[in-house]
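What follows is a set of notes on a single structure, which appears directly below.
Here is the naming used below: chain letters follow the sequence lines, and residue numbers restart at 1 for every chain.
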Amino acid sequence: MYKSIAAELVAEALHKSTEETAKLIERPKQLQHGDYAFPCFALAKEKRKSPQHIASELAANLSNPAFSVIEAMGGYVNFTLNKEHAASQVLQTIQQQQVAYGSTTVGQGEVVTIDLSSPNIAKPFSMGHLRSTVIGNSIGLLLEKQGYQVVRINHVGDWGTQFGKLICAYEKWGDEAKVRRNTIPELLKLYIRYHEEAVQNEQLVQEGRDWFRRLEQGDAYANKLWRWFRDVSMEEFGRVYELMGVKFDSDAGEAFYNNKMDRVVKELEQKGLLSLSEGAQVVQLDAYNLPPSLIKKKDGATLYATRDLAAAIYRKESYNFSRSLYVVGHEQSLHFQQLKIVLTKMGYDWSDGVTHIPFGMVLQDGKKMSTRKGKLVLLDKVLEQAIQLADANISKKNPSLINKAEVARQVGVGAVLFHDLKQERIHDIDFSLEDMLRVEGETGPYVQYTHARACTLLAKREMDLANSEIDKDTAAEAWPILSQLLQFPEAVTYAAVNYDPSRIAKYVIDLAQVFNSYYGRVRILNEDEKLAARLAIVTAVKTVLAEGLRLLGIGAPKQM
RNA sequence: GUCCCAAUAGCUCAGCUGGAUAGAGCAACAGCCUUCUAAGCUGUGGGUCGGGGGUUCGAAUCCCUCUUGGGACGCCA
């Protein structure tokens, strides 16, 4: 908000638009350079004066009660906020708005669907699906904070030739009792064995395909097995989602679209988009310099492109979204590029809103994890360990804590989720259990701990802060905190617009750091005339930390 | 082979879309708990921003090129 005041001042003086100047205004790295800066270098040519000259001229003509100092320094005009004024402003705003601080209404009346998580039935919940789940969930929370209505869709992988393979393997080597007892690991074993043997045995591949065709044609026995595998898997996934606190509005998976694909194929045909290539039905995309999109295999079975087209159309018809997001690994970039173009070729102008939000893969020893080779790390085991570790820490540090189990869950899960969310979405992550379980430094538990500290202070000294005023000295001493609080709305907007939860993760780390530094330096509960001002700051920090964590899908316990 | 993505401290990563002296965390070392939770704080050391060109008043950031790593490229999703 103060940035725009500075932008307006400069714009007026230069007879330029506020948008133009706002783009140039930056936040100086050095504290001595103030809170905002306007660089004058670009104006030098146009004005035929040195940047230094322009800056000092400009600085001399600018003034506003919001800023205590506006001065020229080496080609910049530096703005220093009136700390007392800004501090009381931001504290008041947070006190009034509470968790709504940073909210906007830009998305009012618009629906956004988010395709997230989408694990595969009969396979364990992998680390890759963790990324999709937590990133997608956080993006949903961020968009809700911007006023959008968000529909979270778990596009469960419950269909495809893999089930033909699985049924084939179960028929050959499966043991019903064993599978009943320990479903997912047993099914995984069968799946792995199938792939091991298929390398030697061409016939097995054909049998797998045949089973899938029978499944797709409605064969009763195949469907019974499929339903069984699906139900048990969903139950198991449900436990993981509950641990993580993720909820969906729809779990219409791939099978859901089985009866919705004919229509799409016919439509493609009618619009003259289909052509025959090597026995398969495809949409040629040569004009876009892309490989063709495969709609039907030569044996007539459908493919994921067919299903995703049907799903996209169904979602538009059901939810009338303005945007439809897919939080899926970057290895599927080509597929989503093709999907969007085929929708456009079909004449759907809403395809503009169809957006792939890619993320990096979870690698092991620098390589892709493979289900088929059984090389993968299971999420529930990781969460379990994280929770145990949190529990052990509580027993050591705060043994009298009342709701220990719930706090251990929040902290353990918080560590795992935060580790994933804090780094750039697109970067690959080399799997490291050690890093995920870390609780010191730039971690979820560190932020949670800071929040708990603030809560404890407030519990120890209750006070009515409604009319508390902040004095100049307190504002100056706590300035790094106040300045950071001031930036929360910007961080939220940036994160929402760029689908980038890591921005919020970095923000809460920074806020926690400046607060902890203050905590180590200043005795907050000292009974003096400035106590109310300090408590007002602590309250604001508590509110914003909790809200930041919430936007990441992470809990903020009051004690830990 | 073609296309996409990445490369910053010993390790893991930031760097606010081109600005002032490139910053954190971990690890190492030195300190701080008889008063608000040490899952914390303070300090020290650590850099050819992968290499080379270019654009610009100004480049870790934009463009070209090379190197290295990862991914995708028709019947898996």
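- At whole-Å resolution of the value, CG in Asp286(A) and P in U2(B) are 19 Å apart.
- Between Trp159(A) and Trp226(A), the ring planes lie perpendicular to each other; the angle is over 60°, past the 30° to 60° tilted range.
- Taking side-chain N and O atoms only, Lys397(A) has a distance below 4.0 Å to OP1 or OP2 of A39(B).
- The interatomic distance linking Gln338(A) (CD) with G74(B) (C1') rounds to 9 Å, in whole Å.
- Ring geometry for His195(A) against Tyr191(A) counts as perpendicular: the plane angle is over 60°, on a 0 to 90° scale with 30° as the lower cut.
- Checking G74(B), G40(B), C36(B) against the side-chain heavy atoms of Pro292(A) singles out G74(B) as nearest.
- Of the candidate nucleotides G40(B), C73(B), C75(B), C75(B) has the atom nearest to the side chain of Leu303(A).
- Checking the phosphate oxygens (OP1, OP2) of G25(B), no side-chain nitrogen or oxygen of Thr443(A) falls inside 4.0 Å.
- Residue contacts shown for Glu490(A) are absent, as no nucleic acid heavy atom lies under 4.0 Å away.
- Toward the 5′ end of RNA chain B lies the nearest nucleotide of Arg27(A), the other residue of the pair Arg27(A) and Asn398(A) mapping further downstream.
- Gln30(A) has no side-chain polar atom (N or O) that falls below the 4.0 Å cut-off from OP1 or OP2 of A20(B).
- Distances shown here put a side-chain N or O of Thr161(A) below 4.0 Å from the OP1 or OP2 atom of C76(B).
- Of the N and O atoms on the side chains of Lys506(A) and Ser502(A), at least one donor lies less than 3.5 Å from an acceptor on the other residue.
- For the OP1/OP2 pair of C76(B) and a distance below 4.0 Å, the side-chain nitrogens and oxygens of Lys297(A) include at least one atom meeting the criterion.
- Residues Met73(A) and Asn526(A) each lie close to RNA chain B; by heavy-atom proximity, the contact nearer the 5' end of the strand is made by Met73(A).
- The side chain of Ile394(A) sits closest to A39(B) out of A39(B), A77(B), A14(B).
- Of the side-chain N and O atoms in Lys396(A), none sit less than 4.0 angstrom from OP1 or OP2 of A39(B).
- For residues 38-47 of chain A, the side chain to side chain donor-acceptor pair (under 3.5 Å) pairs, not counting sequence neighbours, are Lys16(A)-Glu46(A).
- For Tyr507(A) and Phe488(A), the distance between ring centers is under 6.0 angstrom.
- Within the 4.0 Å cut-off from OP1 or OP2 of C75(B), not a single side-chain nitrogen or oxygen of Arg209(A) is found.
- One finds no side-chain N or O of His195(A) lying less than 4.0 angstrom from the OP1 or OP2 phosphate oxygen of C76(B).
- Using cut-offs of 30° and 60° for the angle between ring planes, the Phe125(A) and Phe237(A) rings count as perpendicular.
- Note: NE2 (His356(A)) to P (A72(B)) measures 13 Å, nearest angstrom.
- Judged by atom type and distance alone, Asn78(A) reaches the base of A20(B) through a side-chain donor-acceptor pair under 3.5 Å.
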Output one line per pair: protein atom, nucleotide atom from nucleotides 54-60 of chain B, and distance, for all N/O pairs under 3.5 Å.
| residue | atom | partner | partner atom | Å |
| --- | --- | --- | --- | --- |
| C57(B) | OP1 | Lys45(A) | NZ | 2.7 |

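- If you check the side chains of Tyr446(A) and Asn516(A), you find a donor sitting under 3.5 Å from an acceptor.
- Taking 3.5 Å as the limit, the base of U12(B) and the side chain of Glu434(A) contain no donor-acceptor pair of atoms between them.
- Applying the 4.0 Å criterion to OP1 and OP2 of A39(B), one finds that Tyr519(A) has every side-chain N and O outside that range.
- What separates NE2 of His335(A) from C1' of C4(B) is a distance of 16 Å, to the nearest Å.
- Helical stems in RNA chain B, defined as runs of 3 or more consecutive Watson-Crick or G-U wobble pairs with donor-acceptor distances under 3.5 Å: B:1-7 with B:67-73, B:10-13 with B:23-26, B:28-32 with B:40-44, B:50-54 with B:62-66.
- Residues Lys404(A) and Ser395(A) bring a donor and an acceptor atom of their side chains to less than 3.5 Å of each other.
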